[in-house]
Each structure stands twice: as structure tokens, then as C-alpha cells.
Number of protein chains: 2
Amino acid sequence: MNEGTRVDMAGDDVCKTVCVHKEAVDAVKQCMVGDNTLRELAELFKVLSDHTRIRILHALLHAELCVCDLVDVLDMNQSAVSHQLRVLRTAKVVKYRKEGRNVYYSLDDDHIFSLLRDGMDHVME
Amino acid sequence: MNEGTRVDMAGDDVCKTVCVHKEAVDAVKQCMVGDNTLRELAELFKVLSDHTRIRILHALLHAELCVCDLVDVLDMNQSAVSHQLRVLRTAKVVKYRKEGRNVYYSLDDDHIFSLLRDGMDHVME
DNA sequence: TGAATGTATGAATAGGTGTTCATATGAATG
DNA sequence: CATTCATATGAACACCTATTCATACATTCA
């Protein structure tokens with residue numbers, strides 16, 4: 001069929017920009033994973049994209065801590081910390097364990113370690 | 001009365017929550033990297049936390065593409081794509097190369113690969 | 001049981017962010 | 001030079017999010 005840089009089949013080139021490298025674009029479209037997966041991925045990064053939550057995770061990198069420990073480490077409102085812990089919990093980025101009236105938090109799995117480390121590498125280079 | 005779990009030196013425990021595990025908390029505080037670094041880390045993740053930007057990066061994972069290629073792949077406004085490319089550029093997550101009137105984008109370095117892969121691993125588990 | 005304490009949560013609010021629209025820039029082409 | 005086309009950018013608006021305040025829940029202890 002047509003070769004080169006033309007797109008005229010789908011009728012969705014509403015705008016005039018038509019410089020597409022068809023082969024490359026088609027190849028990329030093939031490789032694209034499901035949109036839901038990419039949505040979840042963005043969601044995961046969103047969970048890691050807050051200063052407070054990053055500080056929580058960085059603290060948990062070194063030890064399991066209860067909420068009031070975190071309140072002390074971060075020097076923040078208990079409410080604010082709890083709210084952010086909820087976000088981390090919901091995203092399964094941390095796990096928790098109740099003991100008496102305390103709740104102890106820790107990182108959920110090793111992927112989180114890797115993510116934080118890779119992120120650090122990029123930031124510090 | 002209570003031993004070991006006291007904090008009364010710094011005077012900043014304005015709220016009544018005082019169940020802190022002092023040793024653990026102090027150890028964690030020792031290990032904490034500079035706040036600016038953590039801020040940059042959160043900033044990096046924030047750049048990765050948008051659906052459109054993740055789709056762009058996932059596309060660039062497979063090939064260098066120009067803006068209008070991305071417009072086609074994502075089926076989006078050229079303006080929206082350009083805006084997001086700017087965010088990625090500014091964060092040094094992608095690099096670009098001008099050739100004629102086209103601008104070709106690609107991932108900046110391997111850390112980005114690692115981040116995306118680790119993120120995928122976590123999402124797909 | 002009631003008081004004290006650790007944690008969670010709903011509502012409100014201020015600040016941030018992504019998309020769209022309109023327009024600018026800048027390189028190629030005739 | 002004027003035009004065309006690829007890309008960038010500023011402003012506006014709607015949506016989302018993090019913190020605070022107040023309060024609820026749950027567990028321990030007297």
C-alpha cells in the first residue's frame with residue numbers, strides 16, 4: 001500500500017499536520033501496551049510524586065515505623081501524615097500491621113526500593 | 001513512669017502524640033538525605049505521573065519520534081503534546097534534536113528505562 | 001465504665017495542573 | 001519575499017490535590 005509519510009485512511013487527521021513517519025508510528029502502535037496499564041503506571045508515579053509521601057517512603061526505607069514516629073521524623077501534623085499514608089496504602093506501596101493502638105508501616109515490596117533507587121540515581125547524576 | 005519512649009527536649013511536640021520509638025526515629029533521621037534531593041525526586045516522579053506523558057515515554061521507548069508522529073500515536077492535539085514535551089524536556093527526561101522543521105524526541109538516559117520497567121513490574125504483578 | 005491516647009477520616013480551602021484556543025516562531029519552499 | 005508547515009507558547013478554565021481543622025473510631029488502662 002502507500003509508502004512514505006501519508007495518512008489518509010482513518011480520517012482522523014483533522015489538523016493539517018501530516019508529516020508522520022508511517023513505519024515508525026505503526027511499529028510503535030504495535031508495541032503499545034494496553035491503555036489501562038499505562039494509566040495504572042501513571043497512577044503509581046503520581047503516588048510517588050509528592051514531597052511528603054517521598055519523605056515517608058524514604059524513612060520507611062530504613063525501618064518499620066508507626067504513625068507517630070513518622071509524625072516526629074517529618075515534623076508534621078498527624079492528620080496530614082495519616083492522609084498521605086492512606087494514599088500509599090491504597091496504592092499498595094506500603095503495608096501496615098496493627099499492634100495495640102499503634103499501626104506500623106513498611107514498604108510493600110522490592111519494586112518500590114528499585115523505583116526509589118533508580119529515581120535517586122537520575123536525580124543525583 | 002515510662003522509659004525509653006520520651007521526647008521532651010526539643011519542645012516541638014505541640015500535639016499530645018508522644019509514643020515515639022526514639023532509637024528508630026533517630027536512626028532514620030541520621031539516614032535521611034537532604035531535603036532538596038527528596039524534593040527533586042518527588043519532582044521527577046511528578047513528571048512521570050501523567051497519563052499523556054507516560055504514553056509519550058512509552059512510545060519513545062521503542063523509537064525516536066518527531067512531534068507529529070507523537071500526535072498521531074497519541075491521537076491528541078498538537079498543542080497538548082507540545083506542552084507535555086516541554087515538561088519532559090525541562091525535567092531532562094527526554095532529549096531532542098532539530099532537523100529541518102522537525103524536532104525529534106527520545107529518552108534521555110537509561111535511568112528512565114529502568115524507572116519505567118520497574119514501574120511496569122509493580123503494576124503488572 | 002470512663003478517660004486517655006494513637007490513628008483515621010470528612011469537609012473546606014488554597015494552590016497546582018492538563019487541555020484547549022489562539023497565536024507566535026522559525027525553517028523550507030516556490 | 002510570501003507562504004506553508006512543524007513546533008512552541010501564553011492565557012483561560014475546569015479539575016485535582018495537599019493541608020488544616022474538627023471529630024470519629026478503636027484500644028488500653030484505671
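In the text below, chain A, chain B and the rest are named by the order of the sequence lines, each starting its count at 1.
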Colleague: Rounded to the nearest 0.5 Å, how far does CG of A:Leu38 lie from CG of B:Leu57?
Modeller: 10.0 Å
Colleague: Strictly under 4.0 angstrom, non-hydrogen atoms only: write out the protein contact profile of nucleotides 19-28 of chain D, one letter per nucleotide from the 5' end, B, S or -.
Modeller: BBBB----SB
Colleague: For the residue pair B:Leu65 and B:Tyr105, establish whether any side-chain heavy-atom pair is separated by less than 4.5 Å.
Modeller: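 Contact flag for B:Leu65/B:Tyr105 side chains = no.
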Colleague: Determine whether a donor-acceptor pair (N or O, by modelled atom type, separation under 3.5 Å) exists between the side chain of A:Asp26 and the backbone of A:Glu23.
Modeller: no
Colleague: Please give, in whole Å, the distance from D:dT17 P to B:Phe45 CZ?
Modeller: 18 Å
Colleague: Counting the atoms with a prime plus P, OP1 and OP2 as sugar-phosphate, which does A:Tyr104 contact under 4.0 Å by heavy atoms, base, sugar-phosphate, or nothing?
Modeller: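 Counting heavy atoms under 4.0 Å across all strands, no contact is made by A:Tyr104.
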Colleague: Quick one: which of C:dT17, D:dT9, D:dT17 gets closest to the side chain of B:Lys46?
Modeller: C:dT17
Colleague: Given atom CG of A:Leu88 and atom C1' of D:dA18, what is their separation to the nearest angstrom?
Modeller: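 From A:Leu88 CG to D:dA18 C1': 13 Å.
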Colleague: For D:dA8 and B:Tyr105 - does any side-chain N or O of the residue sit under 4.0 Å from the phosphate oxygens OP1/OP2?
Modeller: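 Yes.
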Colleague: Main chain of B:Val33, side chain of B:Thr37: is a donor-acceptor contact present, judged purely on distance under 3.5 Å?
Modeller: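 A pair under 3.5 Å: no.
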Colleague: By the salt bridge (Lys or Arg N to Asp or Glu O under 4.0 Å) test, which pairs, at least two apart or in different chains, include something from residues 46-64 of chain A?
Modeller: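 Sorted result for residues 46-64 of chain A: A:Arg55-B:Asp35, A:Glu64-A:Arg97.
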Colleague: Below the 4.0 Å mark, does D:dA8 have OP1 or OP2 next to a side-chain nitrogen or oxygen of B:Arg89?
Modeller: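 Yes, within the criterion.
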Colleague: In terms of the angle between their ring planes, are A:Phe45 and B:Phe45 parallel, tilted or perpendicular, with boundaries placed at 30° and 60°?
Modeller: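 Correct class here is parallel.
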